[in-house]
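Structure record follows, encoded as structure tokens.
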Amino acid sequence: MTDVRVRIAPSPTGFLHIGTAKTALFNWLFARKYNGTFILRLEDTDVERSAEEYAQAMCEGFHWLGIEWDEGPEFGGVPEKGACGPYRQSQRRELHRREAFRLLEEGKAYKCFCTKEELEEMREQARQQKLPPRYNGTWRNATPEQVATMGDTPYAIRFKVPEGETVIHDLVQGEVRTNNREYDDFVILKPNGDPIFHLAVVVDDGTMKISHVIRGDDHLTNAARHVMLFQALGYELPKFAHLPMVLDEAGKKFSKRLHGANVLDWRDDGYLPEALINYVVLLGWTPEEEGRELFTRDELVEHFSVERLGASPAKFDLKKLQWLNGQHIRRLSTEQLRDRVVPLLEKAGFDTRAKSEAWLTKMTEICQTKIPTLNDIVPYTDFFFVEPAAYEEKAVSKQWKKPGALDRMRTIRALLEGVAPWDHDTLKAAYEQLSETSGEGLGQFVHPTRLACTGKSVGPGLFELLELLGKDVCLERVDKAIQFIETVEEKTP
RNA sequence: GACCCCAUCGUCUAGUCUGGCCUAGGACACCAGCCUUUCACGCUGGCGACACGGGUUCAAAUCCCGUUGGGGUCGCCA
């Protein structure tokens, strides 16, 4: 295979969309798999909608996912890299213009002096006749004299679509042939000298020596236009692969307005980038190894193959992402997980620096198989940092608003006081013995203790949690609980 | 409207190119059970699909045609 050079070419009109991330991911995977080059090119020629902050937000999205480009624009203090720059389309305007005029000189394009109003009328007429709205070719065969009489009236340059058939050998969609009659002579350069998308992509892909154009299948019908331009410009034709788009859970195109459309939403929701990547890849590709779904970034690179890309669109399934996220959380070493989770606790306002690293590791360990997302660490461990502000209502009525609740709590208090050393095994043994001598289930003692110490009915395993909380704090909280029950009993005799 | 793409359990999919090995396999979800101090994790089992209609063939999820449904493109947006 020739040098693999692929690119993602988003237009920075917002954040990094999940769909853009998906095509970027496949481009990146392809490049990594075949030792190729992955290029980021910002298509910021639409000045109206592009903004610098959007470009930065987009790059941040890629950065979070761990999709690093080999060639691309400046970002976050890292200067532009690559020999085919600049990588911002807006800075390549001269090149686009030059190529447009070259086509003009070679007779492959022509000047069109139609005004916007005339074009609008043309479309209106077509609509009325129920014909596809398209340019009628007014200036296609204009004589040099006619053109000359226009003087310096502003004009657009249109590409002269050749007769014949254009065939695309798509790596995903197969052979797609279209009669060129389906296409009208489209504008390639605006009167103000700005290139139109079709010209810009082709010139950029051609001059950047892109070997494979891997993009969303919303470009499939554009591909024929691009192939014609590639041929007219005399560039080497890249291979094409049009991937299906990502649909939302209802099966509609994933709207920008939906939560989760922005890849950084997932970061904020406590998902691991490797889990998101793993999930999104599965939306468009199946591994050779049947039944396997869990992959790290490196494993994806290792196993990726174009042959197994799917052609049908996939709906986004949150449940499966959640499951995968849990799998990735459990795959992390406890230390890695700790380092990801501690900042979240800090953000929640808890002082983790007062705890030792070993303690924090232990805390992470007892939550690792429990939390579905990183953010869940907060409700699972908040009681380690602050005293429970309130007791869970439902648990209170279940554990403490029944006869004997107070005595039971006092029994627990006495039990805890005698536990030494204060560790998981000893605590467990003590509770088991209590359960046995009293003839009651272990849960009868475990649940009230949990409620007293954490304020909740769910959380990490009780004995490991107690060990970490420390004896003094536990006794204190049990005392508080006893007081609480006493007040409750007074109120409801 | 014209043209293009897509179509297997609720969801993601294997199988389709190279028809028989498919009374259609896996995963998520769901349901039941096990484990268990809660919630989870883990384990076991269950439910559950070839969109429809025609062909071709000894044989079709697999090939062909049509229908339906979904998506896309038809800009002096990208």
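To find a chain, count down the sequence lines: A is the first, B the second, and so on, and within it residues start at 1. Keep in mind that this is a model prediction, so the values were computed, not measured.
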Practice problem: Start with the C-alpha gap between A:Thr296 and A:Arg331, add the side-chain angles, then the distance that decides, and say whether side-chain hydrogen bond (donor to acceptor under 3.5 Å, both in side chains) holds. | Solution: CA-CA 9 Å; A:Thr296 62; A:Arg331 237 187 185 222; 4.6 Å; no

Self-check item: Partners passing salt bridge (charged side-chain N to carboxylate O under 4.0 Å, His left out) against A:Glu94 (at least two apart in sequence or in another chain)
Solution: A:Arg97

Practice problem: Mind checking A:Arg308 for me? I need base, sugar-phosphate or nothing, with any heavy atom below 4.0 Å counting as a touch. | Solution: sugar-phosphate

Self-check item: Complement of B:rC50, any strand, by Watson-Crick or G-U distances under 3.5 angstrom
Solution: none

Exercise. Assign A:Leu321 to base, sugar-phosphate, or nothing according to its heavy-atom contacts below 4.0 angstrom with the strands shown.
Key: nothing

Quiz prompt | Side chain A:Lys319 and base B:rC28 donor-acceptor under 3.5 Å | solution = no

Practice problem: Determine, step by step, whether A:Arg297 and A:Glu299 satisfy the salt bridge (Lys or Arg N to Asp or Glu O under 4.0 Å) criterion, reporting the C-alpha distance in whole Å, the side-chain angles of both residues, the deciding distance to 0.1 Å, and the verdict. | Solution: CA-CA 5 Å; A:Arg297 229 189 304 256; A:Glu299 288 166 342; over 6 Å; no

Quiz item: Taking a pair as Watson-Crick or G-U wobble with both distances under 3.5 Å, which nucleotide is matched to B:rG19?
Solution: none

Practice problem: Please check if the distance between the ring centroids of A:His198 and A:His226 is under 6.0 Å. | Solution: yes

Exercise. For the pair A:Thr23 and A:Arg215, evaluate side-chain hydrogen bond (donor to acceptor under 3.5 Å, both in side chains) and give the outcome as yes or no after the intermediate values.
Key: CA-CA 6 Å; A:Thr23 59; A:Arg215 75 223 307 191; over 6 Å; no

Quiz item: Across the strands shown, which category fits A:His242 at heavy-atom distances under 4.0 angstrom: base, sugar-phosphate, nothing?
Solution: nothing

Exercise. Using Watson-Crick or G-U wobble geometry with both distances below 3.5 Å, tell me the partner of B:rC31, or none.
Key: B:rG45

Practice problem: Determine the interatomic distance between P on B:rU57 and the same-named atom on B:rU62; round to the nearest Å. | Solution: 16 Å

Quiz item: Checking all strands, does A:Glu464 fall into the base, sugar-phosphate, or nothing category for heavy-atom contacts under 4.0 angstrom?
Solution: base

Quiz prompt | Nearest-Å distance once atom P is located in both B:rG75 and B:rG70 | solution = 24 Å

Exercise. Tell me what A:Thr20 touches on the nucleic acid: a base, only sugar-phosphate, or nothing, going by heavy atoms under 4.0 Å.
Key: nothing

Exercise. Within residues 440-460 of chain A, find the residues that approach RNA chain B with a heavy atom at under 4.0 Å, and present them sorted by residue number.
Key: A:Leu442, A:Val446, A:His447, A:Arg450, A:Ser457, A:Val458, A:Gly459, A:Pro460

Exercise. For A:Asn192, answer base if it contacts any base atom (sugar-phosphate contacts may also be present), sugar-phosphate if it contacts only those atoms, and nothing otherwise; contact means non-hydrogen atoms under 4.0 Å.
Key: nothing

Quiz item: Roughly how far apart, to the nearest Å, are B:rC9 and B:rA24 at atom C1'?
Solution: 10 Å

Self-check item: Closest to side chain of A:Glu290, choosing from B:rU13, B:rG25, B:rG42
Solution: B:rG25

Self-check item: Closest nucleotide among B:rC28, B:rG75, B:rA14 to the A:Arg123 side chain
Solution: B:rG75

Practice problem: Could you tell me whether A:Tyr391 and A:Trp400 have their ring centroids closer than 6.0 angstrom? | Solution: yes

Exercise. Round to a whole Å and report the spacing from CD1 of A:Ile196 to P of B:rC77.
Key: 4 Å

Self-check item: Between P of B:rA78 and NE2 of A:His226, the distance in whole Å
Solution: 11 Å

Practice problem: Classify every nucleotide of nucleotides 1-12 of chain B by which part a protein heavy atom approaches to under 4.0 Å, writing B for the base, S for the sugar-phosphate alone and - for neither, in 5'-to-3' order. | Solution: BSSSSSS---SB

Self-check item: Distance-only side-chain donor-acceptor flag, A:His17 / A:Asn262, under 3.5 Å
Solution: no

Exercise. Give one of base, sugar-phosphate or nothing for A:Lys253, where a contact means two heavy atoms less than 4.0 Å apart.
Key: sugar-phosphate

Exercise. Would you confirm whether the ring centroid of A:Phe15 sits within less than 6.0 angstrom of the ring centroid of A:Tyr54?
Key: no

Quiz item: Does B:rA7 have a Watson-Crick or wobble mate here (both distances under 3.5 Å), and if so which one?
Solution: B:rU68

Quiz item: What's the closest nucleotide to the A:Gln327 side chain, out of B:rG71, B:rA78, B:rG42?
Solution: B:rG42

Quiz item: So what does A:Arg292 touch, heavy atoms closer than 4.0 Å: a base, only the sugar-phosphate, or nothing?
Solution: nothing

Practice problem: Name the nucleic acid region contacted by A:Phe186, choosing base, sugar-phosphate or nothing; use a 4.0 angstrom heavy-atom cut-off, strictly under. | Solution: nothing

Quiz item: What is the base-pairing partner of B:rA61, counting Watson-Crick and G-U wobble geometry with both distances under 3.5 Å?
Solution: none

Quiz item: How about A:Phe186 and A:Phe159: are their ring centroids closer than 6.0 Å?
Solution: yes

Exercise. Using the P atoms only, state how far B:rA27 lies from B:rC41, rounded to an integer number of Å.
Key: 15 Å

Practice problem: Identify which nucleotide among B:rA78, B:rC76, B:rA27 has an atom closest to any side-chain atom of A:Leu119, counting heavy atoms from C-beta outward. | Solution: B:rC76

Quiz prompt | Under 3.5 Å side-chain donor-acceptor pair for A:His212 and A:Asn27 | solution = no

Quiz item: Would a line drawn from the ring center of A:Tyr271 to the ring center of A:Tyr279 be shorter than 6.0 Å?
Solution: no

Quiz item: For atom C1', what is the distance between B:rC21 and B:rA60, given to the nearest Å?
Solution: 15 Å

